[in-house]
Amino acid sequence: MRLHVADHPLIAHKVTVLRDATTPSPIFRQLTDELVTLLAYEATRDIRTVEVDVVTPVAPARGTYLAEPRPMVVPILRAGLGMLDGMTRIMPTAEVGFLGMKRDEDSLEIETYANRLPQDLSGRQCFILDPMLATGHTLIAAINYLLERGATDVTAICLIAAPEGLAALGEAIGERANVTIVCASLDERLNEHAYIVPGLGDAGDRLYGVVDL
């Protein structure tokens, strides 16, 4: 497993505003969108391409297209939806699948309640979108879900990550696949409620508002 923490002043600035408890949801959504677009440049650095010949208005030229099969972008519902536009803006030809996962707040176990993915992901480069890598349970479940369908190359884009989650992910995934984590910040730790410290709170609630169940 490989970790890439994006080190850029614009990224640091946007993360700081996201952390601020006074930042309202509309601004939080806008900055998340912008931040994911910046992270996507790093996450797609090794995307597969093929060389092609094109004709410009002046002369023939050798260029590059994204290779087939098309990449698969997988936001984790619901918070991952806030990252989708930022990702597809720079990779509009990608296909989009969805995974609905939630964490039981008592047991911290992950339940999958929705799935909209192809059965065969062989040869696909997959990009998972999930704002927070805390315990790692959600991301482990999501990556396992993709691996079971034949994926071998998975990149997860997160806003914030915790060391405990990264350690759990590395232990669970091992060498079974080429997995990369791209994030804007590696934070200090998890607290007793499995929230990232300092973190930015519940990303889904800050994107869309609090949901009372």
Side-chain angles (χ1 to χ4, degrees), residues 5-6 11 14-40 42-43 72-89 91 94 96-117 126-146 154-162 164-166 168-169 180-187 190-191 193-213:
V5 181
I11 290 176
K14 294 178 191 299
V15 169
T16 300
V17 180
L18 288 180
R19 292 191 194 279
D20 190 335
T22 66
T23 298
S25 287
I27 301 300
F28 195 95
R29 286 194 296 270
Q30 177 185 338
L31 287 174
T32 296
D33 179 86
E34 295 172 359
L35 185 54
V36 172
T37 298
L38 295 173
L39 294 175
E42 299 296 335
M72 174 67 65
V73 177
V74 184
I76 307 299
L77 304 179
R78 71 181 163 129
L81 284 178
M83 304 171 69
L84 181 57
D85 286 348
M87 185 69 182
T88 56
R89 181 174 297 111
M91 201 164 58
V96 179
F98 298 91
L99 275 177
M101 294 180 160
K102 63 180 181 179
R103 182 178 69 174
D104 185 289
E105 295 301 330
D106 294 323
S107 68
L108 302 183
E109 294 300 316
I110 302 301
E111 302 174 5
T112 301
Y113 64 86
N115 154 38
R116 191 66 176 178
L117 287 171
C126 298
F127 296 87
I128 297 175
L129 307 179
D130 196 13
M132 312 299 285
L133 172 50
T135 63
H137 295 168
T138 299
L139 200 51
I140 290 168
I143 292 174
N144 281 332
Y145 211 89
L146 301 184
V154 179
T155 298
I157 301 176
C158 306
L159 303 183
I160 308 291
E164 295 92 332
L166 288 169
L169 184 62
T180 300
I181 309 299
V182 176
C183 65
S185 176
L186 177 58
D187 277 15
L190 297 180
N191 66 14
H193 302 294
Y195 277 89
I196 300 175
V197 179
L200 47 78
D202 186 298
D205 287 349
R206 298 198 65 192
L207 282 162
Y208 302 118
V210 178
V211 176
D212 294 322
L213 298 177

Give the minimum heavy-atom separation between C183 and A161, together with the two atoms involved. SG-CB, 4.1 Å
To the nearest 0.5 Å, what is the distance between OG1 on T88 and CE on M83? 12.0 Å
Please report the interatomic distance CD1(I140) to CG(L133), rounded to the nearest 0.5 Å. 8.5 Å
If you define the side chain from C-beta out and look only at heavy atoms, does anything of L159 sit under 4.5 Å from V36? yes
Under 4.5 Å between any side-chain heavy atoms of L38 and K14, yes or no? yes
Could you tell me if the side chain of V154 sits less than 4.5 Å from the side chain of V74, heavy atoms only? no
Side chain to side chain contact (heavy atoms under 4.5 Å, CB included) involving D202 - partner list, sequence neighbours excluded: Y195, D205
Any heavy-atom pair between the side chains of P75 and F98 that's under 4.5 Å? yes
In Å, rounded to the nearest 0.5 Å, how long is the span from CE of M87 to CG of L129? 6.0 Å
Going from OG1 on T37 to CE on M91, what distance comes out if it is rounded to the nearest 0.5 angstrom? 11.0 Å
Mind checking whether I76 and L139 have side chains closer than 4.5 Å, heavy atoms only? no
Assess the side chains of T32 and R206: does a donor N or O sit below 3.5 Å from an acceptor N or O? no
G199 and R19 have their tightest heavy-atom pair at O-NH1, 3.0 Å
Evaluate the side-chain proximity of F127 to V182: yes if any heavy-atom separation is below 4.5 Å, no if none is. no
Any chance you could measure L207, atom CG, to L81, atom CG, to the nearest 0.5 Å? 9.5 Å
Using the test side chain to side chain donor-acceptor pair (under 3.5 Å), find all partners of N115 that sit at least two apart in sequence or belong to another chain. Y145
Kindly compute the distance separating CD1 (I11) from OG1 (T16), expressed to the nearest 0.5 Å. 11.5 Å
Student check: side-chain heavy atoms of L166 and L186 closer than 4.5 Å: yes
So, using side chain to side chain donor-acceptor pair (under 3.5 Å) as the criterion, who are the partners of D33 when residues are at least two apart? R89
Between the main-chain N or O of L190 and the side-chain N or O of E164, is there a donor-acceptor pair closer than 3.5 Å? yes
For P131 and A79, the nearest pair of non-hydrogen atoms, with its separation, is CG-CB, 3.6 Å
